[in-house]
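When a ligand or atom number is given, it counts from 1 through the structure's own listing order.
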Amino acid sequence: MCGIFGLISKENLEIGEIALEGIKRLEYRGYDSCGICFQNGGKLTIRKVSGKINNIQEKFNIKSLSGHLAIAHTRWATHGAPTEYNSHPHTDCTGEIALVHNGIIENFMELKKELQEKGHQFQSETDTEILPHLIEDFLKNGASFKEAVIKTLKRCTGAYGIAVCYAKKPDMMIVARKESPIVIGIEEGKKSYCASDIPAILPYTRSCYILEDDELAILQPGEAKFYNIENGMNEILKEPEYIKWSVDDAQKNGYEHFMLKEIFEEPRAIRNTLNIKKEDIELFAQHLLSADHIYITAAGTSYYASLAGKYMITNFLGKYIQSIECSEFQNNLQGALEENSVIIAVSQSGETADTIEAIRWAKNAQKNIKILAITNIVGSSLTRYSDHFIITRAGPEIGVASTKTYIAQVITLALVALEIAKIKQEVSPEDLENYYSALRSTPTIIEQFLEKNTAYVKHIVTNLEKNINYFFLARGISIATAKEGGLKLKEVACRFIEGYSAAHAKHGPISLVREGFPIIFIAPPDETYERLVGNVMEFKARGGFIISVVVESDKKITELSDVTIRIPQPPTQFYNLLSPITFIPALQLLSYYAALEHDLDPDKPLNLAKTVTVH
Ligand code: G6P
């Protein structure tokens with residue numbers, strides 16, 4: 001939800017190009033409009049456009065602009081349409097204060113009314129615009145720049161990551177955070193950067209400071225000072241975190257799109273994630289073994305990874321795990337959250353507002369709840385609000401629709417499931433080794449699949465192009481794959497899909513099936529297979545066009561299908577349990593090529609943002 005980038009440098013430089021590059025690296029957070037403010041010689045210059053980031057270069061030749069300070073913003077509209085005038089940076093009445101914001105100021109209506117009564121003129125419909133006006137007001141009353149920002153933030157409720165500059169203080173930029181991420185990078189003695197996420201500052205430094213909630217930083221060229229917003233007097237000492245990602249990880253490296261690159265990076269993401277510290281996996285397993293009640297919560301793709309993981313863990317744990325979408329967590333458990341529960345929270349970004357709210361609410365219930373988090377981002381909010389966390393090793397994911405991070409989440413949950421099996425000793429040592437061996441084979445299976453089938457999947461898509469509606473059906477653990485595969489097609493190719501239980505689909509969805517209606521069956525040869533054969537026949541009998549994802553040795557469903565996609569894995573229980581990992585690349589590829597077929601940009605699906613920091 002919106003990306004912020006800021007830079008302050010000792011010397012004048014081609015700041016336009018750097019600022020543009022900065023927000024481009026954050027474009028996955030929102031891409032409906034953007035804007036940049038430059039400071040040169042005590043004067044602020046602001047440029048804004050609606051639409052994609054490239055528009056700002058085309059209209060204003062931003063790259064040619066020089067200066068020593070810039071703040072920039074790429075927007076995902078919440079309050080006010082994605083027009084030029086609603087784009088950030090927003091300014092005060094004098095035009096001397098410019099500010100970019102990620103988040104929502106919930107009490108902006110009251111504050112706006114109060115400011116209007118004092119004579120402030122507003123140019124936009126945004127909640128953000130009250131911030132520079134409030135700062136202006138406090139400055140007028142004698143506050144310093146820092147005091148004015150602190151006093152302003154104390155009056156606001158809601159969430160913010162902000163960067164603000166003031167024409168009269170050309171050598172300083174202030175950034176602050178409450179629930180919306182801000183990271184800071186320093187090139188000592190020369191330049192300071194701030195951004196909503198690590199990839200934007202990765203080309204300049206790998207060591208970064210992560211602002212915590214209610215913290216504010218004063219950036220000067222090559223240095224940063226940190227304060228608490230409640231007690232702005234005393235400086236806080238913070239240690240930087242070292243980021244292992246490389247700049248190349250966040251580049252397309254010859255691929256046409258990030259989505260395709262990230263699908264092809266899945267084997268590497270798995271191999272790296274399999275190296276998560278054993279002690280962390282064991283700690284998760286022990287908590288689950290001793291828990292009285294277990295919940296798993298997440299949003300979007302992470303939720304479907306949770307569904308797959310829940311099946312895997314339950315298989316060995318023998319306890320029920322209740323999966324609840326994070327946005328409904330509190331509504332479901334109001335008055336019913338049990339003592340001594342463990343909550344597993346899964347989030348790629350670690351910043352999804354509803355996931356964070358769910359676990360904070362549970363923690364505040366004072367019922368001895370333990371939060372176990374799985375996230376891809378070091379220092380994210382989720383790591384701060386959890387009791388224990390595991391960082392998946394997928395590397396930076398830039399495509400808005402998650403691909404390799406889904407796989408890394410499922411791998412992590414599979415490791416926890418197998419650790420539980422190991423501790424409980426109910427599975428024989430040979431079988432346990434067979435499961436581990438199958439898990440270690442997943443990257444090779446995916447590599448072989450991608451090598452042999454990418455062109456074939458592209459070809460299938462060309463023939464399906466005319467269809468608008470799809471069903472993705474499965475039974476058992478593969479329901480997670482059906483839902484996630486369907487979500488991908490919905491997100492990037494704008495098709496209407498229903499990801500559903502194959503058995504339950506006869507209670508409603510089947511009424512839509514006519515001659516040629518495409519139905520994708522996810523069909524590993526597990527204990528649900530024979531019944532799934534029956535479901536395939538039900539849909540075929542009604543004219544459905546059957547596309548099945550099966551293992552290479554499959555016969556029955558293959559015979560019933562119009563098209564099959566074959567996954568090169570042995571037909572054993574050990575591999576079947578891991579099919580959410582090995583089957584999903586086929587569906588991700590299908591969605592990728594479907595997006596291209598419809599002239600859509602798979603990296604930037606319409607109306608979506610990668611990190612959703614609003615409720
Ligand atoms: C958004 C993104 C999805 C993502 C979901 C949850 O909807 O577009 O790709 O799965 O948020 O995000 P998280 O960072 O919590 O995994």
Side-chain angles (χ1 to χ4, degrees), residues 1-3 26-32 76 78 102 179-181 196-199 258-259 262-263 269 273 296-309 323-329 343-360 371 373-386 389-392 394-413 480 483-494 499 584 587-588 591-592 595 600-615:
M1 300 274 112
C2 303
L26 297 169
E27 201 173 7
Y28 62 85
R29 300 178 68 88
Y31 31 84
D32 58 36
W76 188 88
T78 56
N102 167 30
E179 292 177 23
S180 295
S196 300
D197 203 353
I198 295 163
F258 280 110
M259 185 176 177
E262 287 158 1
I263 294 171
T273 302
I296 192 160
T297 193
T301 289
S302 298
Y303 183 66
Y304 297 142
S306 306
L307 290 188
S323 47
I324 307 178
E325 284 165 10
C326 55
S327 49
E328 290 303 319
F329 194 83
I343 302 172
I344 310 172
V346 185
S347 169
Q348 186 285 128
S349 61
E351 300 292 347
T352 298
D354 288 333
T355 309
I356 303 295
E357 188 174 67
I359 59 166
R360 291 187 79 180
I371 312 289
I374 296 174
T375 177
N376 196 39
I377 306 293
V378 173
S380 59
S381 299
L382 193 56
T383 63
R384 273 135 224 272
Y385 299 132
S386 56
F389 61 85
I390 290 177
I391 305 287
T392 52
E397 188 177 67
I398 310 296
V400 166
S402 298
T403 52
K404 63 175 178 171
T405 56
Y406 170 83
I407 291 241
Q409 290 167 343
V410 183
I411 286 283
T412 308
L413 291 161
K483 286 183 181 288
E484 172 55 15
L487 177 65
K488 283 290 97 56
L489 191 66
K490 190 185 277 172
E491 284 175 320
V492 304
C494 287
I584 199 67
L587 302 177
Q588 295 167 340
S591 308
Y592 171 74
L600 295 164
D601 179 349
D603 286 345
K604 299 189 201 83
L606 217 61
N607 301 331
L608 297 183
K610 189 161 188 70
T611 308
V612 177
T613 49
V614 293
H615 297 290

**Item:** Contact residues of ligand 1 (heavy atom under 4.0 Å), by chain and number
**Value:** A299, G300, T301, S302, S347, Q348, S349, T352, V400, S402, E491, A609, K610, V612

**Fill in**
Taken in chain and number order and not counting sequence neighbours, the residues that satisfy side chain to side chain contact (heavy atoms under 4.5 Å, CB included) with K483 are Y304, L307, I479

**Message:** I need the minimum non-hydrogen distance between W76 and C2, along with the two atoms involved.
**Reply:** N-SG, 3.4 Å

**Fill in**
Applying side chain to side chain contact (heavy atoms under 4.5 Å, CB included) to L600 and not counting sequence neighbours gives C494, A595, H598

**Complete:** Looking only at heavy atoms, the pair that brings S402 and T301 closest together is CB-CG2, 3.7 Å

**Request:** For R360, enumerate each residue passing the side chain to side chain contact (heavy atoms under 4.5 Å, CB included) test, keeping only those at least two apart in sequence or located in another chain.
**Result:** E179, D213, I356, Y385

**Message:** Tell me the closest heavy-atom pair linking I198 and V378, and the distance in Å.
**Reply:** CD1-O, 4.3 Å

